Each structure stands twice: as structure tokens, then as C-alpha cells.
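Down below is the structure, laid out as C-alpha cells.
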Amino acid sequence: MSDIKTYEYVWLDGYKPEPSIRSKIKATDLRGTDKGELNDDMPPRWSFDGSSTQQAEGGSSDCLLVPVQMYENPTAPDHLVMCQVLAADGSIHPSNTRDAANAVVSDEWWFGFEQEYFFTNPDGSPLGWEDGEPRPQGDYYCGVGADNVAGREISEVHLQACIEAGINLTGTNAEVALGQWEYQCFGKGIKAADDLWMSRYLLYKIAEEYGVGVNIHPKPKTGDWNGSGMHANFSNEEMRTNGSEKLFHSICDKLGEVHDEGIASYGSDNDMRLTGLHETQKITEFSYGISDRGASIRIPVYTVEHDWNGYLEDRRPASNADPYKILSHIVGTLTK
Ligand code: MG
């Protein structure tokens, strides 16, 4: 038996406004590794060519990959390894948004992200749109039948893969537009954001096997078609166990005071999606309300019915938002 194990290192590149995901595989028996480098049984640090990922100049191109979260790999290699990026001198790389989130968030903060996206054909059109625009929206949300859904098999394989990897997906459904899907990803503390990035990675990779792309732009199709968001449900210990109407209103008010900062952290091109239509509030306005899907922040009926113990749903983040930035903004604002 070989002692060789394989580790699929996954990291975020330096592209703007949002990073893309990169990966490469290391095969090693870990011999020759400085054990001092290994923390919590993580595989060793590794390096990559930052000049190919908008993270370094060609003359001095090495960047460092520092493993931060490990997952069982439902496909070939033994493990998936989420990494953060350091510059060659060991300092936090400017593209590294995880470090700031990790500095403010603790495991008492729980997040449930509702990741929406479109599957796409090789020409970029949504899956199911091969013959032009399909019938208007209406039948597709949670729909069934070949003329009402496209991409179900990939969505279901992805759900199982995430569960096997130890990522807490709590559900998936066909969305309002044909070829559009959602999954819900729950986690605590910084792992919530690591898991969301890894779940996206698995989605892209699994869809690859079907020759299908994934589009997480917030408005891939203009006109009377829903955009894609990433509603961020969140709570802390006090909200869950010692809540009150006053507490929830004060949290909403605090986030409202820095609405512009929030929007800046919640993904690019979000103005195309937050129009006041299609269950959104306008990007220039901030509001909150009980059970209000046209508000910036929805106070769920669950929270009110549990005597103001529960969670809030920030409906502003776009589908392409960086979850590290969402954590930084929400927790940073509420712990100031
Ligand atoms: Mg949805």
C-alpha cells in the first residue's frame, strides 16, 4: 500500500470585483514535511504562481497557500483543503478577505446562506434556454417535469457531495427562472464562509463533468426574469436565547446606518438585482419588516413567534458576494 495521500488545495485568486476559485492537487506521504508546519493535522503550506492569478508580479511571483479547513473529498483525491493566501514574506495578502472576517467572528455567530445561481450551456445561455426564451416565469419554482426544470441531476449530485464532504447543506430547490437553482448552506463562525466557498467549488467541479457551467452573476438575464441573490440568515447567542423586539430592531437599525458599506460588501452589479421588483428592496433604500420579502432585512415570523428569539434574514447580498466580506460586515458592525 502506498502512503501517498492526495490533497486538493482550493483558494481564491486576486480577480476583481470578486475572486474566482482556483485549485491544484498535492500528492505526498507528508515525509519531509516540517511537522511544526502541521497544525490540527492540516497538510503543509504550499506555494503557487501568483503572477497567473492576479496576486503577484512576474518577477517575484510566489504566494503561499495556508490550509485553514479540511474536508472529506467525495471525488478522487483524499481531501479537499480550503486555503488562505499569504504573500511570500508571510504577511496577509491583499486579496485575502478571510483574515479580516476571522478576526471578528466567533462560533456563536451562525449563518445560513441561500445561494442562488444559474446552470449554463457552453454558449453562456441558461440551461433549458437552448431554443430561445422559455415561457414566462410561473411554473419553474420547485417545478417538476422536463419542460419545467433543467439541471436537477447536477443539483442533487452536488447536494450529496457536500453532505459527504461535511458541509451542512440543508436543502436545495429549483428557482423562479428556468435553469436557476438554490441551495442552503448552514455553518457556525468562520467555517460558515469556508463551507460556502467550498460548496461553490464542488458545484463548479461537478457541473464540469456534465459539460455545464455555473453563473453566479446577480442578474444574468435582464427583463422579467428573477436575479440571483444570496440571502444571509444570521444570529448570535443573544438573538437566539435572550432576544426582544427592541434587540432585533436595534440590530436592524445598526445595519441600516451603514447600508452603503453593506452594499459595497455584498457583491458587484447588485444594482441590477435590487430594483424594488422581484421580491427585493431598491439598492438605495434600507428597510426592515416582519415577514417582508420586499425589505432589505426580513424579520422571520419564526423569530416573532418564538417571543423574539431567533434570527434575521439580510436579503441584500448578491449571489456573487464573498461570504468572508458578508461576515466581516455583519459581525463587524454588530460587535463595534
Ligand atoms: Mg431563493
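In this text the structure is predicted, and so the values were computed from the model without any measurement. Both counts, for ligands and for their atoms, begin at 1 and track the order of listing.
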Quiz item: Hey, do the aromatic rings of H249 and Y288 have their centres closer than 6.0 Å?
Solution: yes

Quiz item: Do the ring centers of W46 and Y7 come within less than 6.0 Å of each other?
Solution: no

Quiz item: What protein N/O/S atoms sit under 2.8 Å from the Mg ion (ligand 1), by chain and number?
Solution: E116 OE2, E175 OE2, E182 OE1

Quiz prompt | 4.5 Å side-chain heavy-atom contact, Q184 and F113 | solution = no

Quiz item: After noting the C-alpha distance and the side-chain angles of L327 and W109, does the key distance pass the side-chain contact (heavy atoms from CB on, under 4.5 Å) rule?
Solution: CA-CA 9 Å; L327 263 61; W109 290 91; over 6 Å; no

Quiz prompt | K26: salt bridge (charged side-chain N to carboxylate O under 4.0 Å, His left out) partners, not counting sequence neighbours | solution = none

Quiz item: L312 pairs by side-chain contact (heavy atoms from CB on, under 4.5 Å) with which of N233, L255, I297?
Solution: I297

